[in-house]
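Input: a single structure, listed below in structure tokens.
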2 protein chains.
Amino acid sequence: MSAKQPTIKEIAKRLNISISTVSRALHDHPSIGLRTKTRVKELASELMYEPNQAAIFFQQRKTFTIGVILPFLSEAFFSAAISGIEDVAGKNQYTVLLGQSRDDAEREKQIIDTMKKHRVDGLLISISKHTTSYEHFEMLKRSGIPLVFFDCIPNMPDIHYVACNMVSGTVQATSFLLKNGHRVIGLINGPEKLYASKQRKEGYQIAMSKHRLKYDPSLIVNSDLTKESNCEATRQLLLHKRKVTAIVTFNDYVALDAMQYAHDQNIDLNKDLCFVSYANLPLAQHLKYAPMASVEQHPYLQGQKAAEMLVELLGKKEDEKETPGSYKIIVDSQLMVYNI
Amino acid sequence: MSAKQPTIKEIAKRLNISISTVSRALHDHPSIGLRTKTRVKELASELMYEPNQAAIFFQQRKTFTIGVILPFLSEAFFSAAISGIEDVAGKNQYTVLLGQSRDDAEREKQIIDTMKKHRVDGLLISISKHTTSYEHFEMLKRSGIPLVFFDCIPNMPDIHYVACNMVSGTVQATSFLLKNGHRVIGLINGPEKLYASKQRKEGYQIAMSKHRLKYDPSLIVNSDLTKESNCEATRQLLLHKRKVTAIVTFNDYVALDAMQYAHDQNIDLNKDLCFVSYANLPLAQHLKYAPMASVEQHPYLQGQKAAEMLVELLGKKEDEKETPGSYKIIVDSQLMVYNI
DNA sequence: CCGGTAAACACAAACGTTTGCACAAAAAAT
DNA sequence: ATTTTTTGTGCAAACGTTTGTGTTTACCGG
């Protein structure tokens, strides 16, 4: 059946010309006569010749492959982000190698190894929330593999990244509640050490001071984002000495747990207790209890930007001169208010 | 900085031995003395030598890469499936190249081309719902690239695939409603030509005849799965001359639209009108109106099985002898009843 | 008619690895 | 002491391309 793939050599032999001539003919090299060019091209398409990319990758020391490592594709944010990545990758002749870390630092490291083995040209990473050591990232940098972080970025100097401005998003979210008359607003934040958590906290504080309200640290509770932890955090806020009338949650999933918990405590949602969160889940309209508003983080856009950045880095790699600076892009977040 | 990757040649030179010896030493070839073996290995790890996979891929005519093409990662089903795929791929030293067809036949074809260019060893495909021509699949087969379909499979002879038995799932779903006293049950099905639709229809009929009820074709309506179409289908069923008290829907997303529409018509859900569907969305518990039950299709398992099948095919490829038969695996579906 | 130039092509090296085969030295068998 | 076997290495080809540097032929102006 499948007569093994014809090679450039085969074509050369049949046409009684040299391999190099065939190669150049196929690439429209100027130093090849029109006659031979057409002869070569005709035979090539007749034999259904396709260049052996493996050989080319090898020869050019480039695989035209970019690795993408992220925690979970099941999170809407990431599946949207990877679509953005895929699109710009495809436009630039790159293809994407996928790896899910499942929020496991060990797995993440392992995936990085595999990707390195596979000689990806560059890497796009949203780090797992349990990644504490950045050794493997440094290692990659040392091997000269360009790295662009997105969404969840490590606390390292001189890295390229695109992230979302969660500060402004949180200011918007909190201000929205303040404008609606709420004065005692809780914040269920993520793990304390997470950069994303810091930003939310900062945004919360800014919004408060903007409205000349004094910042009450006890209104912020941290959750490790498990269902239990989310409920516990909600419980704490509900038990707060001041009557909390609104809560900003780390993301929509946290909001769901919190709202369910509150509902189970016979609290009238979106009346006695309002929620605002992050992510803008696509199913929001179908949810039993949806938050009043959610901060859109434009995952597709972030994916696009990150991929574009990487492609650019890969391009300039040829110039050999590494510009010492690092690229940073901050995508603005945006509060989406639901009218239910 | 990054002194360019050390090669096997470099090691050979430093140790004053031949390249082949180094290669064999690193592979624990029996014909290499213990002394040299350790010497080689020590220097290798000292230089942080890593084999150039690109060269190896080229040399072995194998990339240890499998391509995965599916419609949308944003659908929970597929993100679960790809996790299964990734897991078994990783266990077998394969890595996965991703492509989303977005239910666009043209895109699908293009992705296949790219993957072929990248010389993937094999392909895992869930075809787009708009794919009508199977020419590109045939072409792949002719080039000797093993192909395994999963979930959404084309109507072609001699293909390898793993799919879910939607017939039995539908029998279960319909029987569940019948047992709960419903007698006039509607079915909002997908596009008529889809294999998945045929199976659901068949299951519906079987359940009916099992319960000695006569099959009423007008109780089955087709939808193209857009929101409008879903609502229109619901409308038709609600206007049916017989009073429909339960509806089986093509999947959870259809159910959501249908339930919303019904609710807007002031119908008391899960009382005057019950729903059962497919997919078992993870967010089901948080939904405003969830179906009473949903058929679980075990996407992770399907992904696993499909990947395992492909890996096996890739393994036996070496024996060159193509066994003419084709592999088929049918995963059983299972009705999950929610207790709300 | 000669030197020069341009056009069209061929040669060969290189990319890094694996692997069949040949070969030497040492060990074992005769 | 000679032959055979074992053990350890080296040589070189092969995988399919690209590309720098020759080499040939033909044409041109002078």
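Chain letters run A, B, ... following the sequence lines, proteins first and then strands; every chain starts at 1.
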message = Can you pull out every side chain to side chain donor-acceptor pair (under 3.5 Å) where at least one residue sits in residues 70-79 of chain B? Sequence neighbours excluded, please.
response =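 Side chain to side chain donor-acceptor pair (under 3.5 Å) check on residues 70-79 of chain B returns no pairs.
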Quick one: [X] [atom1] to [N] [atom2], roughly how many Å, whole number?
{"X": "A/R35", "N": "C/dA7", "atom1": "CZ", "atom2": "P", "result": "18 Å"}
{"X": "B/L26", "N": "C/dT18", "atom1": "CG", "atom2": "P", "result": "8 Å"}
{"X": "A/D28", "N": "C/dC9", "atom1": "CG", "atom2": "C1'", "result": "16 Å"}
{"X": "B/F57", "N": "C/dT18", "atom1": "CZ", "atom2": "P", "result": "12 Å"}
{"X": "B/K37", "N": "D/dG8", "atom1": "NZ", "atom2": "P", "result": "8 Å"}
{"X": "A/L15", "N": "C/dA8", "atom1": "CG", "atom2": "P", "result": "17 Å"}
{"X": "B/H29", "N": "C/dC21", "atom1": "NE2", "atom2": "C1'", "result": "12 Å"}

Please confirm whether the ring centroid of B/F58 lies under 6.0 Å from the ring centroid of A/F58.
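They qualify: ring centres under 6.0 Å apart.
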With a 6.0 Å cut-off on ring centres, are A/F64 and B/H118 close enough?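 They do not qualify: ring centres at least 6.0 Å apart.
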Is a donor on one side and an acceptor on the other found under 3.5 Å between the side chain of [X] and the backbone of [Y]?
{"X": "A/R61", "Y": "A/Q59", "result": "yes"}
{"X": "A/D151", "Y": "A/S126", "result": "no"}
{"X": "B/T63", "Y": "B/R119", "result": "yes"}

Next item on the list: Check whether NZ of the Lys or CZ of the Arg B/K141 lies under 6.0 Å from the centre of the six-membered ring of B/F137 and within 45 degrees of that ring's axis.
Entry: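 Here B/K141 fails the 6.0 Å and 45° test against B/F137.
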Readout for nucleotides 14-22 of chain D: B = base within 4.0 Å of protein heavy atom, S = sugar-phosphate only, - = neither; 5' to 3' it is -BBBBBB--
**Request:** Take the C1' atoms of the five end pairs on each side of the helix from C/dC1-D/dG30 to C/dT30-D/dA1, derive the two axes, and give their angle rounded to 10 degrees.
**Result:**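 The two end axes of the helix from C/dC1-D/dG30 to C/dT30-D/dA1 meet at 50°.
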### Message
For A/E135, is there an ion pair with A/R142 - N to carboxylate O distance below 4.0 angstrom?
### Response
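Judged by the 4.0 Å cut-off on N to carboxylate O distance, A/R142 and A/E135 do form a salt bridge.
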